[in-house]
Structure formats: structure tokens, C-alpha cells
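Each chain gets a letter, A, B and so on, in the order its sequence line appears, and its residues count up from 1. What you see below is based on every heavy atom in this structure, not just the backbone, and it leaves out hydrogens, waters and symmetry mates.
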Amino acid sequence: MPKTFFITTAIDYTNSAPHIGHAYEKVLADVIARYHRLKDDNVFFLTGVDQHGQKVQQSAAKTGVPPSEFVKAITQKFAHLWKKLDVQYDEWAETTSDRHKQVVQGILQRLFDAGQIYNDKQAGYYSIRQEQFLTDKERNPDGQFGAEWGQVEFREEENYYFRLSQHKDWLLSYLDKRKDAVIPDFRQTELRNAVEKLSGDLCISRPKSRLDWGIELPFDEEFVTYVWFDALTNYISFAGYDAAHSTLNSQPSVFRDKWPALQIIGKDILVPAHGIYWLIMLHAIGFPDDQMPQLLVHGWWNLSGAKMSKSAGNIVDPSVLIEKYGSEALRYYLMSDIATGQDADFSEERLIERYNADLANSLGNLLNRTLNMAHRYRDGVVTKAGGDSPLARQAADLVREYNGVFGRFEVHAAISRLMEFTTTCNTYIEMSAPWKLAKDPERSDALDHMLFALAEALRVIAVLTSVILPSAARQICYQLNIRDEFRLADADWGGLPDKHHLGKPVPLFPRIETTEL
RNA sequence: GCCAGGGUAGCUCAGUGGUAGAGCAGGGGACUCAUAAGCCCUUGGUCGGGAGUUCGAAUCUCCCCCCUGGCACCA
């Protein structure tokens, strides 16, 4: 049985509504997942939501509903957005589900039995108003805690800790051994530097008196587990991992067939969450080095250079953009205007610019003018004539380069290759001047030859575009009057049958008119 | 303060030793199948600043400035 391509995204926190950064990550994962489906791989794409924790508990309390209801509403917003964006996942992770809870508790119990989790007391300053311990970061320059914290008292609290530092040397050696543990490579350097400075263990619990919206520790009912073992475990709990088996080999085949995963995360949660805590957790529960997940770290969309944040009031709501421009326009912009791993500036004007230039004027118009000419000159029937088309070679190059850049997750580069090919086709039309050929009966073959090649080129474009713009690709197929099932093998030149009858042209990407923004 | 990324044409970016590039925007042209789209040509940059290595530096070295992220310090 062939290995499954397993891809995950970070699970989103159900404390507030999704923004453009959430959408970017999921679309990126979706595009990579679709590329693997195109290659006929088995694909298991896991995404979901993180529903526990203090902020959820607080937000729920503020709106006067139980946490379970509060998260249900926000969860729906996320799920609804993914549907609108055509994000096609295979499994949906919700951390309040029973199967997840079982795995989390099973892992905690095993680590506790193995002495990897221990109980300890810690003392510090505690803000009663904010319900949290304060660190030195919260102090004012004069060393005092500001008035925003209300009454601050010295408190002692018992908690459970995971022996993180015990695995530091292992993590260093793992990172030295595996050069592509993290992509891009400069992120791996960043992680390596951070690990070297690692000291101390990881607090993994909260007493229920402070936080009860979480998963109870199996060995102490006075506590729930805090963040890490809850959220990070989703990557295996929803893939069929069984906590009762301590070695990977004894795991059920549903899990073994999938793992390890390619995990897509934002640069903000590489250090320490995924790069340190998660890798060490996996190591501690018995995952061998060659079964560690690969971390693909993406950058952020900034707004005029500034970080997007709720407090700055500059959140971009993806739902609004979808309503204004459509899902495909947003997908295209998010995939084309940022280099994987880098940051980019988000701009609605730029979205419109790229949509009009690439999709409407270049690709959409190529389809439209090709079909129009085929109907005008040949009643919609394209006929094989003459020898090889110059486009055939170009298309083969395109497919090769497309596969190359996708192997490196450079979706933006794949798009720019596609656009280059589209321009090649448009140039080819200008050079061949079919409107002149049509007036000369002696050059009838030349006209057939080029119309057929253009239709074939569009068929190839549809196949390759399908991972980025699934709906548009289907519409191209519909207009070409061919099957809208996509496989990479179909991107080879020569799939269009002789005497094929093309469908009617309908503008695929109507231009976005920019009277005023 | 430490680590990392970035500072290249109006905008978004590519380019890691050999005469400054792409897309978009701007300007001009020929055409007309097409979503007033497409195609061709073209304006435009002291490559953040300074010093150095070199026959030659956007590219290597050093210093400095600015932006971004992480970590630390600041009690």
C-alpha cells in the first residue's frame, strides 16, 4: 500500500474570528494537498481548531455563555470560511472531542508513569484581576507592576512539569543530523540557536481553580493540562494514534500509513512550540528520529509594513474579501503575491491588480479569444493538422518546472511559470495572426494547427491550475467541453482528441473595475 | 544586548564576483480573434550609508543606520 501524504496546519484558536493570516495558511496547505492529489498520492489533510484554554474561558464568560457554546460558534466561522475558500481537508480536529481527550490523557499518563512528568511548587506574583502569574516582563521600568494588573499578590502554586531539558541534547543532535527538519533553512538555524539556550522544564498544567476549560490530568483531577499537550497532540490524535501503544511499530496501520506529516505553521509558533516542545514530546513518547515531522514555516501578511493585530484595528477579514472578489481571486492573491517562508504586504489594490492583469487579461482572455476564434472560423471544432506545435515543447518545460518548484513548496513560483506560459500562448496568437489565416483558404491547415494547439494548451493550463484555482479550472474544462477530473499525467501534451467540439466562451474572470476603492 | 530575516526602478520582488533584472504602473507603436483585453518597443535605479579586499562588488569583509521576528536584560 502506498504511503499517504499527510499534511497538517496549525489549529486555530477559537477565541476570535479568522483573519487573512489564518486563510493564507489553510489555502497554502490546501494547494500543496491538491498538488499531491494531482500526482495520484493518497492525501490526508488535517486541520481544525483549538478550543480550550483561558482566553476562551474568559471570552465566554464575558459574553455570558458556556465555553462549549462559545467555541461552537467560532468553530463554525472557521469551518464556514474553509468551505467558502474551497479548502478541502480530510479530517477536522476539534480539541474538545472525546477521541482527542483520550489520546491526550493516554500520553500524559504514560509520560507520568515513565517519570517524565513531575509535580513541583512554584512561587511568584499573581494578578487577581487578570487571573495570571506575572513575570518580570510585566513590570514597569521602575520595577513595579502597573495599575492595569489590579491587586498583585505573592502566591505559591503547585503544578506539573514535563522534563523538557532532559531531551535538549537529543534535539540538538537531531537538528544537526537532519538538515531539512525545518523549511526554509534559515528557520532551522533560528531554531537551533534557540534550542542551545534552552533551560528548565515545561509547565503543563493549571489548577482547576484557575482554569477548568481543558482536559483533566489523568493522574490528578484537580488539574487540567495547559496548552501544549492539548493543542499539539491534535496532529496525531486525529490521525488514528493510539496512546495505549508505546512504540510506533505497534500503532494501528491507519496511523502508520500516514505518519510522518508535513506540518505547516506560521513563523510565530516555530520557537518554542513546534520546534522545541512538539518535537521533544514526540521523542519522549517513542517516535524515532526518522519519524519526526517536517516543519514548513510560512511568513506573515503585514499591513503597510505593520504587523496585523486586533489592538491595531487593522485586521483583514477574509470573508469580506471573498464577498467582494470571490474565493478564487483571494486564493490567487494569497498564493501568488508572497514567497513561501517570506513576509509580504497585504494590499487590496494589489489583489485587484494581480487579478486583472493575470487572471482576467492574460488567462481569462486567452481562453475567451481562443474559443471565440474556434467558433468564428471553425464552428467550434478543432482539428489536428500539420506537425508538432511550438507550444508542445513549452508546455513540457512548464510541467517540468512546475513539478520542480512544487517540490520546494514554492507555489508563487509555480504560478509565475503558469503565467509565463499564458503569455507565450498570447504571443503565439499575435505571431500567427489567425484573423489573417482565416481570410486565406490556402492557409487553412495553419489555422487548424494553431487553434488545436491553443485548445490543447488551455487543457494543460487547466490541469496545472486546478490545485490553485479549483473552481476556475473546472470552468475552463467546461468551456473546453472536456472532463473536469484532474491528474498530473493529463498535463502531458496531446490529450485533446481530433475533431473535438469546444464549448461556448464565457468570460472566466470578469475584470474588477476600479472606479474607486 | 544576542540571534535571524529584510533594506535593489513609482509599487511588489528576483538576482550571492564579471557591462543592473521581471511583473505591475507610466509613455509610444502596429494590430483586431478577445473581458477597451492581447502583442511589440520604451521611460525609470549613485542596488540603505561608509570603508576595505579584488583587474572587477548588489554579490565577499568590517563599521554604521532603518524595518521585522524570536530570545534575553531591564527588578
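- Taking a pair to require two hydrogen-bonding distances under 3.5 Å in either a Watson-Crick or a G-U wobble arrangement, B:C74 remains unpaired.
- For the contact set between residues 174-190 of chain A and RNA chain B, defined by any heavy atom under 4.0 Å, the members are A:Phe186, A:Glu190.
- Atom-to-atom distance recorded for A:Asn159:CG and A:Cys203:SG is 4.0 Å, nearest 0.5 angstrom.
- Across the P atoms, B:C66 and B:C73 are found 24 Å apart, a figure rounded to whole Å.
- Distance A:Lys267 NZ to B:C71 C1': 15 Å, rounded to the nearest Å.
- The base-pairing partner of B:G52, taking Watson-Crick or G-U wobble contacts with both distances under 3.5 Å, is B:C60.
- Put simply, A:Arg192 has no side-chain N or O that comes within less than 4.0 Å of OP1 or OP2 on B:C3.
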Distances for protein N/O vs nucleotides 35-43 of chain B N/O pairs under 3.5 angstrom?
| residue | atom | partner | partner atom | Å |
| --- | --- | --- | --- | --- |
| B:U35 | O2 | A:Phe509 | O | 3.3 |
| B:U35 | O2 | A:Arg511 | N | 3.3 |
| B:U35 | N3 | A:Phe509 | O | 2.9 |
| B:U35 | O4 | A:Gly364 | O | 3.2 |
| B:U35 | O4 | A:Leu508 | N | 3.1 |
| B:U35 | O4 | A:Phe509 | N | 3.2 |
| B:A37 | O3' | A:Asn361 | ND2 | 3.3 |
| B:A37 | O2' | A:Asn361 | O | 2.9 |
| B:A37 | O2' | A:Asn365 | ND2 | 3.2 |
| B:G38 | O2' | A:Arg369 | NH1 | 2.8 |
| B:G38 | O2' | A:Glu430 | OE2 | 3.3 |
| B:G38 | N2 | A:Glu430 | OE1 | 2.8 |
| B:G38 | N3 | A:Glu430 | OE2 | 3.0 |

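- If you measure from atom CD of A:Glu196 to atom C1' of B:A4, you get 14 Å, rounded to the nearest angstrom.
- Comparing B:A58 with B:G6, their C1' atoms are spaced 14 Å from each other, to the whole Å.
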Next item on the list: Check the pair A:Glu323, A:Ser319 against side chain to side chain donor-acceptor pair (under 3.5 Å), reporting the backbone distance first and the verdict last.
Entry: CA-CA 6 Å; A:Glu323 217 145 281; A:Ser319 301; over 6 Å; no
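- Remark: the separation of the C1' atoms in B:C60 and B:A72 is 31 Å, to the nearest Å.
- Comparing the same atom, C1', in B:U32 and in B:U68 gives a spacing of 49 Å after rounding to whole Å.
- In this structure, A:Leu454 places its CG atom 15 Å from P of B:A34, rounding to the nearest Å.
- The same atom, C1', is picked in B:C62 and in B:C24; the two are 38 Å apart, to the nearest Å.
- As a whole-Å value, the separation of A:Asn193 CG from B:C2 P is 14 Å.
- The line from NZ of A:Lys55 to OG1 of A:Thr14 is 12.0 Å long, rounded to the nearest 0.5 Å.
- Taking the P atoms as reference points, B:U61 lies 27 Å from B:G70, given to the whole Å.
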Next item on the list: For side chain to side chain donor-acceptor pair (under 3.5 Å), just list the numbers for A:Gln54 and A:Tyr226, CA-CA rounded to whole Å, side-chain angles, deciding distance to a tenth of an Å, and then say yes or no.
Entry: CA-CA 9 Å; A:Gln54 188 161 32; A:Tyr226 173 72; 5.7 Å; no
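- Pair check for B:A37 finds none; no Watson-Crick or G-U wobble contact set falls under 3.5 Å.
- Checked by atom type and distance alone, the side chain of A:Arg443 never pairs as donor or acceptor with a backbone atom of A:Ala438 at under 3.5 Å.
- Under 4.0 Å is where a charged nitrogen must lie from a carboxylate oxygen, and between A:Glu157 and A:Arg210 at least one such pair does.
- In this structure, A:Pro318 and A:Leu330 have side chains that are in contact, with non-hydrogen atoms separated by less than 4.5 Å.
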Pull out every protein N or O sitting under 3.5 Å from an N or O of nucleotides 8-11 of chain B, one pair per line with the distance.
none

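- With the nearest nucleotide of RNA chain B identified for both A:Tyr377 and A:Ala344, A:Ala344 has the one nearer the 5' end.
- Each of B:G70, B:U12, B:U68 was ranked by its minimum atom distance to the side chain of A:Asp345; first place goes to B:U12.
- Using C1' as the reference atom, B:A34 and B:U43 are 29 Å apart when rounded to the nearest Å.
- Atom C1' of B:G45 sits at a distance of 16 Å from the matching atom of B:G26, rounded to the whole Å.
- Nucleotide B:G21 has B:C13 as its partner under the Watson-Crick or G-U criteria, with both atom distances under 3.5 Å.
- Both A:Arg354 and A:Ile429 lie close to RNA chain B; mapped to their nearest nucleotides by heavy-atom distance, the more 5′-ward contact belongs to A:Arg354.
- Side-chain atoms of A:His283 do not come within 3.5 Å of backbone N or O of A:Leu279 as any donor-acceptor pair.
- No more than 12 heavy-atom neighbours from other residues, nucleotides or ligands sit within 6.0 angstrom of CG on A:Asp388.
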Return a table of donor-acceptor pairs under 3.5 angstrom between the side chains of residues 459-466 of chain A and protein atoms on other chains or two or more places apart.
| residue | atom | partner | partner atom | Å |
| --- | --- | --- | --- | --- |
| A:Arg459 | NE | A:Glu456 | OE1 | 3.1 |
| A:Arg459 | NH1 | A:Asp490 | O | 2.7 |
| A:Arg459 | NH2 | A:Glu456 | OE2 | 2.8 |
| A:Arg459 | NH2 | A:Asp490 | O | 3.1 |
| A:Arg459 | NH2 | A:Asp492 | O | 3.0 |
| A:Thr465 | OG1 | A:Ile461 | O | 2.6 |
| A:Ser466 | OG | A:Val463 | O | 2.7 |

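- Scanning for side chain to side chain donor-acceptor pair (under 3.5 Å) contacts around A:His167 gives A:Gln116, with sequence neighbours left out.
- Checking B:A4 for Watson-Crick or G-U wobble geometry (two distances, each under 3.5 Å) identifies B:U68 as its partner.
- Residue pairs meeting the salt bridge (charged side-chain N to carboxylate O under 4.0 Å, His left out) criterion with at least one member in residues 410-438 of chain A, sequence neighbours excluded, are A:Arg369-A:Glu430, A:Glu401-A:Arg417, A:Arg408-A:Glu410.
- Ring centers of A:Tyr333 and A:Trp301: under 6.0 Å apart, within the cut-off.
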